[in-house]
Amino acid sequence: MDALLMQHLLNWLVLGSIYTLIALGFSLLFGVLNVIHFSHGDVAMVGPFIALAIVQAVTAMAMPLGASAALLVAILAAMAAIGLLGVLLDWLVIRRFRTSPAMMALVATVALGTVIREMIRTLYPQGSNPKPFPAIATGVIQIGDVVIPVFSLIVIGVSVAMVAALFALISHTPVGVRIRAVAEDLSIARLMAVRPDRIFAVTFFIASAVGAIGAVFFVSHAGVVRFDFGIQLGLIGFSAAVIGGLGSMNGAILGSLLIAGVDVLVQVLVPDGASYRLVFIFMLTILVLVFKPSGMLGKPVFEKV
Amino acid sequence: MSHPLLEVRGLSIRFGGLVAVAEVDLTLNHSEVVCIIGPNGAGKSTLFNLISGIYRPTHGSMKLEGKDITGWPAHRIAAAGIARTFQSSRLFNDLTLLDNVLIGMHTRTRSGVFDALLRPATARAELEAAAVRAGELLHAVSPQLHARRHTLAGALPQADRRRLEIVRALASEPRVIMLDEPSSGMDDRDTDGLMADVRRVMAERPGLSFLIIEHDMRLVAALPDRVAVIDYGRKIADGDFSQVRLMPRVQEAYLGQKAAHHA
Amino acid sequence: MLEMNSVSTSYGSVPMLRDVSLQVGPSEMVCLLGPNGAGKSTTFNAICGLLRSDSGSIRIAGQDVKECGTERLASLGAGFVPEGRRLFPTLTVRENLRLAFDAARNPALDFETQLERMADLFPRIRERLGQKAGTMSGGEQAMVALARALIGDPRLVVMDEPSLGLSPKLIDEYFQIVSRIRDEGKAVLLIEQNAETALSIAERGYLLIRGKIALSGKSSDLLQDDTIRHLYL
Amino acid sequence: MSQTGIQVEAPAERSGTSLDASIVVAVELGSAVLLGAFLLSEQTAIVVLLLAVMGAVFGLLQWRPAFEERIVAAFHDQQQLAIALGAVIVMVYPFFMQGSSYALHLLIVAQLYAVLALALNFQLGSANIPNFATGASYGIGAYTSALLAINFGVSFWLTLPVAAVVATIFGFLLGFPSMRTKDSYLALVTIAFGIVVHQLLNNFSWTGGANGLVGIPAPSLFGHSFTRPIEVFGFRLPSQANFYYLSAALVGLSIIAARRLHNSRVGLAWNALRADPLAARCQGIDIVWYKMLAFGVDAFLAAFAGTIYAFYVSYISPDNFTFLVSVTIMTMVIVGGMDNTLGVIIGAFLLTMLPEKLRIFSDYRLLFVGVVVILFLILRPQGLFPQRARNYGAHR
Amino acid sequence: QDKPHIKLGFIGPVSGGNAQQGLGARNGFLLAIEQANAADYPYQVEPVALDDASDPQTGVGAALKLVNDPDVVAAIGHWNSPVALATMPVFHRSQMPMIVWGAISPQITQQNLPEITRVTPTLVAENHPLADWAATGLGAKKIAIFADTSDYGTANSQAFDGFFTEAGGEIVAKELFPVGTVDFRTALTKLRDASPDAIYFGGVIAEAGILRKQMAEVGLNIPMIGISGFYDPDFIALAGPAAEGTMVSYPASQSNPKLEKMNADYAARAFSEPTSPYTKYAYDATNILLTVIREKGIDDKVALAEAIRAISYDGVLGTTTFDENGQTRIEVSIEIKEVRDGAWTDHKK
Ligand SMILES: Nc1ncnc2c1ncn2[C@@H]1O[C@H](COP(=O)(O)OP(=O)(O)OP(=O)(O)O)[C@@H](O)[C@H]1O
Ligand SMILES: Nc1ncnc2c1ncn2[C@@H]1O[C@H](COP(=O)(O)OP(=O)(O)OP(=O)(O)O)[C@@H](O)[C@H]1O
Ligand SMILES: CC(C)C[C@H](N)C(=O)O
Ligand SMILES: [Mg+2]
Ligand SMILES: [Mg+2]
């Protein structure tokens, strides 16, 4: 029984950590930089495809790399590539909606998400089919009755590290101040020698690269990747960021753990739980927002008039 | 009519550790102009925000003609007859001047969804009548504004924005109008115009009272019946400007040497 | 320090400034007056490169603004107080100042020392370093905005109606500080509504009416001028 | 119009009403012909050509705003004519569709989407409330009426109002959280609501689960079953024509509702809410009520569309009412032009027809639609037809 | 060539999440037509392949497009049951014969529209013998069901539940999940207490692979069984080594020389997509249309529909005949396939 409980707990933490990695990007982009980017989940989901392609290329070229070393290289390369992809998409599409009403950016990026998904599907070899994704780590640590996969520890560790790093970046570094300044008043930020284009690029790079790790963990956890995974993962990550409080890195964790908690609990307690998990997750989202309109850790917006 | 028009007792609000308004008492009688002055950050705008229902006071009570309006939401307070302008003007920028004024008449018009859908003639007649009145109001305050009534409010220069805000406030046929630094950003000529407007409106609408936050001493010296001075959230003086300005505390906190002499 | 040569600008197809020329020499204080909507803020925006001028040239410290771009003006030694202050509302006072300090890229300066100097000028700042700029009152914000322009020790300061919304006492203090800045040898362009006060501390003045320079000259002369008197005094 | 002492500037000189009339006739007939050609053409080249023509027209309007102004003015001056001619065109349109039920089907779907887009426009366009749950209201309407018809044999005409009321109740329910949230937060509430509704429809057994509901009976009117072709003057219109006229009537009603609300105190209050909620409150506008009202009106109209859809296709499943359907509706409003009735309708037509006509790209269809939408938003950000200022009696 | 020109329609999901199924089937359809055109078929046949994107509304649009084209004689359609259910009235109203090549909901043929026939067995047909085998051959007493909430999943779960209970077994747990679920760990972990002898999976390939892999991860070392829906090499690729020992039923008649020839032809034609499990259904459905058209001509659609129902067609699926509802009567006897050494092989006791 204890072991069972531990399994559920572990599952909760792993899911929570994965959602956090996606939520962080949303929080950074929506909450800190004030850009609306609904295709973040889809951008992130390109990551595993790139990693997969690299692994295959490495294997095909019979490079003298161990399987896990190859995977590690592939993941790092995918992070970088997705970071750049984020920057590119901002430059091509998203930046054009900086001054337009929020709704337009919203619709444009939802459309962008479709374009990304369909591009993978049509351009990637056999893009419609689900593809097996290798496990990042297969080892386990056994403590008494409890089996802890090394992978879980990696996921949790990386996610905590990312939160800490982003928190430090936003609140305690000059770059963080610049990001917030650009979000608040672009022209005055320019007067303060901030180059908005660079700030946008940096932020998009970070958010997308972190998202890419999240996506890689997600598909490695599932064992498969498919071109349309990004949409649901994106929605859940977005919900987590919002109920945690957009702009708050701790909020991203809190929101993710909450959602992952409901996710796991529903499946444990409710008969046919899996078919109702989205119902419960999104009911929770609504409820949190009814009682905490700016999310759990979001600062209530007090308008100064 | 034994009640004062607006009666504020012990009004307070705090933001975290900061007590922005503390125990403020304020009375406004019918047909009276009261100016509120005080250093920057004293809590004047916050007091307006409390009275207009944007913030909910932590303590204290407000009465409008004897009726307790403490804690009412902003739209009910507006409907009860308190209109206001904002320190940095908040117009409906993507609407025409006329629409802005019409929205100001919201509490003085009645038609709702069902009227609009099922009795369009009535609803339309009401709105058109309102539009005529709005036009008249605009014209009375400024023929130039009236001439531009079909252009978007967002394109107006500062001084005109303030004027339009005042017209919008007037449109609701309020009993109290609160103006937050109406002359800021106006040149002296415009300020004179503003004072003339206030006087004219007072003459046209007996019973209407003004509560005005101001920093322009020319206006403060000329316009109000009474002046209340706020400092650090508290009211430190209330009375005739000629007397208030001589109070050392007011000079020290607010007027400074030069202005005290000049005004 | 600042030189505008027959600059014209427009909003879309509506022309705004027409052939505006003005100069501010080193350690000189010049004011730009004009009624509402005359184009003063437009001039400000053109100077800091936020609005592209259609023709004419603007130079700061000899550099063409269009060429070097808004982002480099601070390092040329220019500080700005935009209309309505435009602080970064959710950044703390300290962060606002830090940003401006870094913008100046002046290796000779040290942030803490400069901060101390600003706090001496504006004591309120010392108490409020950790407060979010957006929650401060109008007057407090005005102080921070000026401190933000000064913290990089600029050679030129351009201010757009900095006294807007200040209490009489603060206006007094504010202009005292502004004259002190001039006395330190900085060039100042003061855009003002408040003609009397502005002319009383500036050496020269320009009058902008409907996008054109209608008058210019020494402050003492302008104070006597009929147009100005009619408009303002 | 104004009988007051205020001077009114002389009405701008106009070059005669006959020119206005010809402009109106030319524009309406031209659009009808263009649409017809687009609907009926099968050749890729022609479709592309027609798209290019449309693009060119909008390009022209973009470069030369004066043309647009002129057309708008003409329509304003010849309003009666414009409406009458429009109605006639709508009435006779099916006769020119060469009996193609496919073309009629597209028109029906486009009209239903036009209603949905108009419904959403009350929120998105008028009041700037993001609502990603219009698809859910559409579904609630469709399911309510379908369940009533299948389980209790309730007639179509009776299910219409019932479905609308049920959906409106849900709309208000959804409006409730909107009291306190806004922007992205509110958007998420509506997204979540849409997903919850979709998932529940998919999971409950009494909604037919993923299978949906089969065998929704066709409505009939005065003994004429809607599954039967219409025969008039020796013409024979495919049975789809029944639903074509039904949905056209609904579009007509929606337009009237939209215009009446837009030009009323309610529309003004919504616009105020859109521009500055805080200032709106200080004008005495109960923004909570007006937000909820916008949700209610949206749901009400969407339910009508849902009911007609259910009876038209005679089969519904949760897949008809997904998040992506809501996004599509939203795209229609934005592409068409927020708070502009005509624009929104055209947006709906365009986005219904476009994917159908892009079938030639089969596998790449969705990709193209996405790209086209993005390009559109970049190139004509104000929408096909931007919002216009109101005028009260007197023309500006 | 002055052969008369006709068109045949295909509808299926060739974009979106189910495109892999649709593309394989479409290629089967194209292959059949190309072969007919190359042989001395009396008509020049033009294929019209349309996308339904798994969306009922898009599907209806596609169907209407076909029925409005006077050259289109008949069609085959749909992988998703909801889409098929939506378009059937369209074909019915215009009396155009349509053979369902992929959707498996029993409801489709229950309606018994004269124009609609189906070459795929409903899942009931396969679940019955599988359940019997599970109870006897496999010897399982307690089975847990995992199925998706789609029509396919729920129908499978109901059918298997009924048949297995009838055969004397017990269903100890039933977990339904939405298509697209990627994490079954919680449900699997929970399952350990019920200690089932096997898991019955009633979904499609992707989820099957994920589930199988995660079963191994949580240490649930029991067999997984199911119908032929995930009898596919992709399943093994997805599940990896964990796939070992998975057993599925497979309609016995399906392995035949014709099928092998089709597969060879398919490979030779070098489509850019591989075959899907539905290629053969679409291929036979198309050939059935071609056969009746050759016999009855193109003028009388009612006669065509009747001829389809009356046909006895010997193709890659075996000998297809239709019952009174238009449902294929094809053999339902099954054989069991098992994953061994990373490949599907015949199960041996
Ligand atoms: N929403 C808020 N959150 C936190 N502090 C606030 C808020 N609103 C106002 N304050 C603080 O309350 C004090 C009073 O502010 P207020 O705006 O009322 O001053 P004021 O008298 O109107 O000044 P000014 O003349 O400069 O406009 C200030 O110190 C301000 O920082
Ligand atoms: N972004 C803009 N687009 C169009 N017109 C504008 C824009 N900004 C300002 N204007 C117009 O340009 C004119 C001049 O504006 P500007 O702000 O330069 O005046 P100003 O002299 O600074 O006036 P004030 O004393 O009120 O600050 C005004 O009529 C204003 O309406
Ligand atoms: C699993 C389902 C979505 C598809 C299946 N072929 C059906 O008939 O419905
Ligand atoms: Mg104030
Ligand atoms: Mg200005």
Side-chain angles (χ1 to χ4, degrees), chain B residues 52-54 73-80 82-86 90-96 98-100 102-113 115-118 120 123-124 126-128 130-136 138-139 143 146-147 149-153 165 168-169 171-172, chain D residues 1-9 122 128 179 253-254 256-290 292-294 296-297 300-301 338-339 382 386-396:
Chain B
S52 55
I54 292 174
H75 66 270
R76 280 188 68 194
I77 290 188
I82 302 183
R84 70 168 292 174
T85 65
F86 298 90
R90 303 186 78 139
L91 293 170
F92 304 114
N93 287 330
D94 56 354
L95 299 178
T96 61
L98 199 59
D99 281 350
N100 268 274
L102 274 173
I103 291 170
M105 294 178 173
H106 188 83
T107 58
R108 295 290 164 260
T109 38
R110 285 277 76 86
S111 47
V113 218
D115 301 313
L117 288 176
L118 306 175
R124 199 167 178 84
E126 181 185 50
L127 204 65
E128 265 165 23
V132 171
R133 255 187 304 140
E136 287 166 351
L138 264 174
H139 193 266
H146 179 256
R149 68 189 181 282
H150 294 300
T151 58
L152 299 187
E165 255 200 310
R168 185 176 69 181
S172 66
Chain D
M1 196 66 228
S2 90
Q3 319 85 337
T4 60
I6 307 166
Q7 79 208 50
V8 185
E9 64 281 39
F122 287 117
N128 195 24
M179 284 200 277
L253 274 177
S254 309
I256 293 173
R259 299 199 49 146
R260 286 186 178 171
L261 284 175
H262 178 77
N263 290 319
S264 78
R265 176 170 167 272
V266 178
L268 275 171
W270 276 333
N271 283 176
L273 181 61
R274 170 181 75 194
D276 187 338
L278 192 132
R281 279 163 63 199
C282 289
Q283 310 311 315
I285 295 171
D286 183 351
I287 62 172
V288 171
W289 161 247
Y290 278 96
M292 306 242 298
L293 187 65
V297 173
F300 188 85
L301 272 183
M338 296 229 241
D339 216 12
Q382 70 275 50
Q387 179 205 352
R388 309 201 68 89
R390 294 176 175 75
N391 34 62
Y392 302 91
H395 192 273
R396 56 216 170 101

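Predicted, not measured: the structure shown is a model, and the values here were computed from it. Atom set for the values below is all heavy atoms of this structure, side chains included, hydrogens, waters and symmetry mates excluded. First the proteins, then the strands, lettered A, B, ... as listed; each starts at 1.
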Original post:
Where do B:A78 and D:Q283 come nearest, in terms of heavy atoms and distance?
Top reply: CB-C, 4.0 Å

**OP:** Would you confirm whether the ring centroid of B:H106 sits within less than 6.0 angstrom of the ring centroid of D:Y290?
**Re:** yes

**OP:** Tell me, out of B:A79, B:S111, B:A171, B:A83, who's got the most heavy-atom pairs with chain D below 4.5 Å.
**Re:** B:S111

Subject >> Closest-packed option against chain D by number of heavy-atom pairs under 4.5 Å, given B:I82, B:V113, B:T151 >> reply: B:V113

Original post:
Run the side-chain contact (heavy atoms from CB on, under 4.5 Å) check on B:L127 and D:L268 step by step: do they pass?
Top reply: CA-CA 10 Å; B:L127 204 65; D:L268 275 171; 4.0 Å; yes

Original post:
By side-chain hydrogen bond (donor to acceptor under 3.5 Å, both in side chains), which residues pair with B:D115, not counting sequence neighbours?
Top reply: B:R119

Subject >> Smallest separation among heavy atoms of B:F86 and D:L278, with atom names >> reply: CE2-CD2, 3.5 Å

**OP:** Would you give the length of the straight line joining atom CG of B:N100 to atom CG of D:D276, rounded to the nearest 0.5 angstrom?
**Re:** 10.0 Å

Original post:
Are D:L261 and B:L117 close enough, and set up right, to give a side-chain contact (heavy atoms from CB on, under 4.5 Å), and what steps lead you there?
Top reply: CA-CA 7 Å; D:L261 284 175; B:L117 288 176; 3.9 Å; yes

Subject >> Exam field: side chain D:R260 to backbone B:P120, donor-acceptor pair closer than 3.5 Å >> reply: no

Subject >> Set of side-chain hydrogen bond (donor to acceptor under 3.5 Å, both in side chains) partners for B:S52, sequence neighbours left out >> reply: B:R84

Subject >> Shortest non-hydrogen contact between B:I54 and D:C282, atoms and distance >> reply: CD1-SG, 3.6 Å

**OP:** Would you please test B:T109 and D:R265 for side chain to side chain donor-acceptor pair (under 3.5 Å) and show each step?
**Re:** CA-CA 8 Å; B:T109 38; D:R265 176 170 167 272; 3.0 Å; yes

Subject >> Proximity breakdown for D:L293 and chain B, heavy-atom pairs closer than 4.5 Å >> reply: side chain

Original post:
Which atoms form the tightest heavy-atom contact between D:A275 and B:F92, and what is the distance?
Top reply: CB-CD2, 3.6 Å

Subject >> Non-hydrogen side-chain atoms of D:R274 and B:D94 separated by less than 4.5 Å >> reply: yes

